[in-house]
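Keep in mind it's a predicted model, so treat the numbers as computed, not measured.
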Amino acid sequence: MLLTHTSGLAPDPPIAAAQAGADALWKEICAESLDAPPGMHFEYSDTGYIVLGKLVERIASEPLEHYADRMFYAPLRMTHTRFRPPADWIPQIAPTEEIDLPPGQQPGSGKGKVLRGEVHDPTARAIGGVAGHAGLFSTADDLARFCQMMLDDGAMASVKGQPAGRRVFSAEIVQRMILPENPPWVPSLRGYGWDIDSVYSSPRGELFPIGSYGHTGFTGTSVWMDPESRTFIVLLTNAVHPYRRPAISSLRSKVATVVAASVGVETANTLPSATERSVGAQRSISVHPALAHDAHTQTGIDVLEAQHFVPLLGKRVGLVTNQTGIDSQGRRTVDVLAKAKGVKLVALFSPEHGIEGVVDSKLKSGTDLATGLPIYSLYGDTMRPTPEMLRGVDALVFDIQDAGVRFYTYITTMGYCIEVAAQLRIPFFVLDRPNPLGGDVIEGPMLDRGRLSYTAYFPMPVRYAMTLGELAQMFNAENKIGVDLHVITMNDWPRSATYDATGLMWLPTSPNLRTLNASLLYPGIEILQAAGVSVGRGTNTPLEILGAPWIHASELADALNHRFIPGVRFVATRFTPTDALYKGQQCEGVSMIIADRQSLDPMLMGLEIASTLWKLYPDQFVIERTLELLGSQVTVQLLKQGESPARIILDSSEDIDYFRAMRAKYLLYN
């Protein structure tokens, strides 16, 4: 967290403490309260790097400047790199700012002291010129040696008789430096010590890809390195002599763009797949496809129509569907298949909420008015199609829009149908549709293996980042079901694209999952209802508000906003549900306002809300009941113990990585 500027420490330590000496500064830093919870969001922090410098000194049992020289500068023959340069270097060192001006004098008047060979940063200067965040002097030649070593994955080139290949860093350490190591809900991408994509990334210019990396210095210095083109830029300018001016971001960018063009870099969107990683959730560091994707995704039913229904010709078809099963023209898949030449649609099957998606209770079987076909309910007396229902069916087709969340029951309905189809030797077809939450970001916790149920068909995270077609392949193989499975894949759906980037019409997937905003919040909000919280069912904005008669709205809103939960703000509200939990009772609570989709992490948000409710209302909020949908006993126990939700998620990365490796075998889209 210190290395990625997500520690929550203040950006700058108090200069007054520094002027009293290094010991006084350290004491003040240790006494300071955090600006934000650790791991929650990015804020560049000199304080954090002062702490890192102190840690190096404590662990190495030697001053920071000696350690840095022994471990890095001396082996690399960086002979003109050091803190506190000697007097004979001064004539070759660029001056910086004029300081200590007499009263009434203007900067640049020549009446004050001009810094030369002294660190410009006032905090570092006050404590003697050596600190973790500032104080290093160097030359372009020395920095070139360092950059070349980084591009060579930590190995040194031949230097003054030393053989090439001697290591300063292991290749693994270099990878941790240059790939995103910030929590997945933080949109500013930072490696361990290096900037990748943030507001400070101007030295990347317009052409170097995201995946290159570097750093800037306040006085006008910067380095930037691109592993793809094996190019580095060292820019040592002076932007603070004899007085401070606006930042030189535009100059840095122009220099980088010229250099990139000169070495043949043509586009900033060429990022190798290796530069993706996860800490409880995967994030891509390429340009977000939703920003560039302007074509219309063709879903499985559209592709099947374009194929003239060849996979189903001559078959008597049973169709599992609901109101979300439509083609790009808005026609029901029911009607499209009923009119398809060479295909005989003989039966319909409806999941929870019914064929029209409006019922919030158990369902009886019925008849489709438009086609006269029987509709067999798979959310009533039985949750699985029976052999009688499937009599005369040669192929079972599934076309339903999923929500992308483990406890949404449509995936269980699909799993049960796959099992029955395998038993009866009926081919199973999935007309694939987008995951509305996108296909990249995975969020835990993982389901405990002993907790399979109707809301937990398969041991996987809450947010699994797969389409129904991909899930069907995984269920079939991992559960050894053995159905004759056919996935009619989509055209033009990039994995990172959320539903709003597909060009498809959005239809509510169930009575309470009405909007895209609700679908984004749903994974984290839905876990709360079982614990005694209304999540807005029976209001006009279900899954976008929450509350209870025992909640104090302003108290909860203040507590949640002070947790700095990424991507969302909380506004105190009051509502009276007309249905479901607390029907007819006035509730106080909060509305959730999505402020930044990119950084919103709904499961982190949900755990933060659960943690807050448990802290504020332990007698009313039955936190143990969140287990019903969370599916992880460890997660619930850690919440009860007061563990940070961010830490809970970060510590679950090993389980998520195991799932990701298994999932990779079944992915159908890039």
Side-chain angles (χ1 to χ4, degrees), residues 3 56 65 67-83 85 89 92-94 135-181 189-197 200-205 207-217 219-237 251-266 268 270-272 274-275 285:
L3 283 164
V56 170
E65 57 185 323
Y67 177 83
D69 186 67
R70 177 172 62 84
M71 292 296 293
F72 309 116
Y73 311 139
L76 281 165
R77 295 296 191 266
M78 295 172 66
T79 56
H80 289 86
T81 301
R82 64 173 296 175
F83 294 89
W89 288 16
Q92 298 175 328
I93 295 176
L136 193 67
F137 288 80
S138 190
T139 65
D141 285 344
D142 277 10
L143 291 172
R145 298 185 193 280
F146 190 92
C147 292
Q148 190 62 56
M149 177 271 296
M150 290 291 295
L151 293 179
D152 290 338
D153 288 331
M156 291 167 40
S158 177
V159 180
K160 294 186 178 179
Q162 285 191 353
R166 181 181 175 191
R167 288 211 159 268
V168 176
F169 298 122
S170 69
E172 292 78 10
I173 288 295
V174 172
Q175 289 299 298
R176 299 301 291 272
M177 288 178 168
I178 69 176
L179 297 183
E181 292 290 342
L189 301 182
R190 308 283 300 197
Y192 282 161
W194 295 101
D195 180 24
I196 299 170
D197 186 31
Y200 302 104
S201 298
S202 63
R204 189 177 69 234
L207 295 179
F208 281 123
I210 302 177
S212 56
Y213 58 94
H215 210 283
T216 60
T219 59
T221 59
S222 61
V223 295
W224 203 264
M225 293 164 268
D226 176 31
E228 283 294 287
S229 63
R230 295 191 57 77
T231 304
F232 62 83
I233 300 172
V234 176
L235 181 63
L236 304 181
T237 67
L251 174 62
R252 287 172 170 145
S253 180
K254 290 175 182 176
V255 170
T257 300
V258 169
V259 172
S262 73
V263 298
V265 178
E266 296 181 354
T270 55
L271 179 65
T275 48
I285 65 172

Rounded to the nearest 0.5 Å, what separation is found between the [atom1] atom of [X] and the [atom2] atom of [Y]?
X	Y	atom1	atom2	value
His80	Ile93	NE2	CD1	9.5 Å
Asp226	Phe232	CG	CZ	12.5 Å
Thr221	Leu235	OG1	CG	8.0 Å
Cys147	Asp152	SG	CG	11.0 Å
Ile173	Asp153	CD1	CG	12.5 Å
Arg145	Thr79	CZ	OG1	7.0 Å

Taking all non-hydrogen atoms of both residues, which atom of [X] and which atom of [Y] are closest, and how far apart?
X	Y	result
Thr257	Gly205	OG1-CA, 3.6 Å
Leu236	Ala140	CD1-N, 3.5 Å
Val265	Pro209	CG1-CD, 4.5 Å
Pro227	Tyr213	CG-CE2, 3.8 Å
Pro203	Tyr200	CD-O, 3.5 Å
Phe208	Ser229	CE2-OG, 3.8 Å

Ser138/Thr81 under side-chain hydrogen bond (donor to acceptor under 3.5 Å, both in side chains): CA gap, chis, key distance, verdict = CA-CA 4 Å; Ser138 190; Thr81 301; 2.7 Å; yes
What I want to find out is whether [X] reaches [Y] closely enough, with some N-O distance under 4.0 Å, to be called a salt bridge.
X	Y	answer
Arg204	Asp197	yes
Arg176	Glu181	yes
Arg77	Asp141	no

Would Phe146 and Val234 count as a side chain to side chain contact (heavy atoms under 4.5 Å, CB included) if you check the C-alpha gap in whole Å, the side-chain angles of each, and the deciding distance to 0.1 Å?
CA-CA 10 Å; Phe146 190 92; Val234 176; over 6 Å; no
Qualifying residues under side chain to side chain donor-acceptor pair (under 3.5 Å), relative to [X], sequence neighbours excluded:
X	value
Ser202	none
Ser201	Asp195
Thr219	none

If you define the side chain from C-beta out and look only at heavy atoms, does anything of [X] sit under 4.5 Å from [Y]?
X	Y	answer
Leu207	Glu266	no
His215	Trp224	no
Met156	Val168	yes
Arg70	Glu65	no
Thr231	Val259	yes

_Using side chain to side chain contact (heavy atoms under 4.5 Å, CB included), reason through Met150 and Met177 one step at a time and then give a plain yes or no._
CA-CA 10 Å; Met150 290 291 295; Met177 288 178 168; 3.6 Å; yes
Go through the steps to decide whether Trp194 and Met225 satisfy the test side chain to side chain contact (heavy atoms under 4.5 Å, CB included), and finish with yes or no. CA-CA 10 Å; Trp194 295 101; Met225 293 164 268; 3.5 Å; yes
Are Phe169 and Phe72 an aromatic pair, judged by ring center distance below 6.0 Å? yes
Q.
Quick one, Val255 with Val258, criterion side chain to side chain contact (heavy atoms under 4.5 Å, CB included). Give me CA distance, side-chain angles, the key distance, then yes/no.
A. CA-CA 5 Å; Val255 170; Val258 169; 6.0 Å; no
